[in-house]
Every structure is written in C-alpha cells, then in structure tokens.
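Contents: one structure, followed by commentary.
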Amino acid sequence: MVLTSLGVEIGIGSATNASDRPSSFTRIPQVIEMSEIDLDPDTIDTTSFDNQKYKSSVPGLIDTSGIQSLTVNATDNEEAESVWDDMAAATNAYVWLCIKIKNKTDATFIPITPIATGAYNVAVNDRITIRLKFTIRGDMEFDTAPTQMTDPTT
C-alpha cells in the first residue's frame, strides 16, 4: 500500500529525564509540511597515494544539527503556536516529536529542542503560515505508535 500524507499526525511531548521518551503526545494542529531530515553521513576522505584514479572515503557522522521546521497554518486562536511555545519555554523538560502515519503501526520519535515561534509568513493572496523551528538533540527512534494523541484544545 502506498502511503500518503492524509491522516498524518505530528505530536509533541516531554519527559523529565533525558533517557526517557514521553508516553503521551499533544497533537500539533494545522501542520502542512515538515522539512526533510537528511540522514546522509559526512564522508571522511581516505584517499592515499595508493589511489590512482578515484578518491576513496568512508562514511562519517550524520549531521542533523541544522534548524529543522514544521510549517503550520496560522489560526486566530494560535493553537499550534501555544502548544509549541509552551514546550519551548519548559525548563528541565526533554522534548520529543512523534510522527504517526496513518495505516502504520510504528511511529518516528525525534528528541528535539524547540525554538520559540517568530513572525508569520505572509504572502499576497495566500494563507498565513508560521514555521515551528527546532534542533535535533539525539538519535531518532522507531517504535510502536501511540494509540492516540491528545487534542490541544482539551
């Protein structure tokens, strides 16, 4: 079965210990796009005088240290921004994203450091959006998807 973005849920949750992943997540409403997280490793050049025609290399570390983002539709009651900024302001919390794709039993869990929201993206004759930015602070995990994400308005 081909997967589509229909029914994808992205949630955010926090734990009090760095080694723990939260068991519950709050759904981030109105997400329209998530930037790709590039897992291509750096390459370490191993070329020597033995090489006569081609350079050689081995895989190095995977660098996910750049700014990543979710783009959301802006709403008049700022649901997504409120959920996000609460997590960005939380002290002593270890924040995770959960990406749950419809019809899959597993989910992707990403340990992040959320960055407080900035200004809206505004274009002529278009919807207003905002980017929820974050950095990745550890290794992604793939595990059983949570059965449900809490709606932010409850």
Side-chain angles (χ1 to χ4, degrees), residues 1-44 58-123 125-154:
M1 169 186 264
V2 174
L3 298 174
T4 70
S5 60
L6 298 175
V8 168
E9 291 182 291
I10 299 177
I12 192 166
S14 66
T16 54
N17 295 315
S19 60
D20 295 339
R21 188 175 69 218
S23 57
S24 64
F25 292 85
T26 301
R27 185 180 59 80
I28 301 170
Q30 295 292 320
V31 177
I32 60 172
E33 183 178 9
M34 179 175 176
S35 61
E36 177 185 1
I37 298 172
D38 184 359
L39 296 179
D40 292 340
D42 290 336
T43 54
I44 300 170
V58 296
L61 297 172
I62 296 172
D63 182 5
T64 59
S65 63
I67 299 291
Q68 309 292 332
S69 67
L70 303 172
T71 302
V72 299
N73 288 324
T75 60
D76 56 357
N77 57 359
E78 299 182 347
E79 289 175 318
E81 296 99 303
S82 296
V83 169
W84 192 262
D85 286 339
D86 286 349
M87 287 291 182
T91 57
N92 299 325
Y94 296 93
V95 179
W96 291 72
L97 280 181
C98 174
I99 296 93
K100 182 179 174 184
I101 298 173
K102 186 177 180 179
N103 297 324
K104 285 188 58 103
T105 57
D106 65 338
T108 305
F109 298 91
I110 307 169
I112 67 164
T113 301
I115 300 167
T117 55
Y120 294 109
N121 299 317
V122 180
N125 198 34
D126 201 0
R127 67 176 175 247
I128 297 175
T129 61
I130 193 161
R131 288 180 56 205
L132 308 178
K133 298 178 185 178
F134 61 93
T135 58
I136 297 174
R137 62 169 177 78
D139 295 342
M140 288 190 281
E141 297 179 10
F142 304 90
D143 204 349
T144 304
T147 55
Q148 182 177 345
M149 290 193 194
T150 306
D151 190 62
T153 57
T154 56

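Numbering starts at 1 and runs along the sequence shown.
Looking only at side-chain heavy atoms (C-beta outward), Trp84 and Leu70 come within less than 4.5 Å of each other. Side-chain contact between Ser82 and Pro152 is absent, with no heavy atoms from C-beta onward closer than 4.5 Å. Contact annotation: the side chain of Thr26 never approaches that of Met87 to less than 4.5 Å [non-hydrogen atoms, C-beta and beyond]. No side-chain heavy atom of Asp126 sits under 4.5 Å from any side-chain heavy atom of Asn121.
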N/O donor-acceptor pairs under 3.5 Å from side chains in residues 104-112, not counting sequence neighbours:
residue, atom, partner, partner atom, Å
Lys104, NZ, Asp106, OD1, 3.4

For residues 1-20, which side-chain donor-acceptor pairs fall under 3.5 Å, sequence neighbours excluded?
residue, atom, partner, partner atom, Å
Thr4, OG1, Leu6, N, 3.2
Asn17, ND2, Asp20, OD2, 3.0

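Residue Asn77 qualifies as enclosed at atom CG: its count of foreign heavy atoms under 6.0 Å is above 12. Other residues, nucleotides and ligands contribute more than 12 heavy atoms inside 6.0 Å of the CG atom of Asp42. Around CG of Leu61, the count of heavy atoms belonging to other residues, nucleotides or ligands within 6.0 Å does not exceed 12. Heavy-atom contacts from other residues, nucleotides or ligands closer than 6.0 Å to CZ of Arg27 number more than 12.
When every heavy atom of Thr71 is checked against every heavy atom of Arg131, the shortest pair comes out as OG1-CG, 3.8 Å. Annotation for Phe134 and Pro114: closest pair CB-CA, 4.0 Å, computed over non-hydrogen atoms.
If you take CD on Gln30 and OG1 on Thr75, they are separated by 6.5 Å, rounding to the nearest 0.5 Å. Between the CH2 atom of Trp96 and the CD atom of Glu141 there is a distance of 4.0 Å, given to the nearest 0.5 Å. In this structure, the separation between CD1 on Ile37 and CG on Leu97 is 7.5 Å, given to the nearest 0.5 Å. Distance OG1/Thr64 to CE/Met140: 7.0 Å, rounded to 0.5 Å. Atom CZ in Arg137 sits 6.0 Å away from atom OG1 in Thr113 (nearest 0.5 Å).
Here the side chain of Ser35 pairs a donor or acceptor atom with the backbone of Ser69 at under 3.5 angstrom. Judged by distance alone, with hydrogens and angles left aside, the side-chain atoms of Asp85 form a donor-acceptor pair with the main-chain N or O of Thr117 at under 3.5 Å.
Take Ile67 and apply the side-chain contact (heavy atoms from CB on, under 4.5 Å) test, not counting sequence neighbours, and it matches Ile115, Lys133, Thr135.
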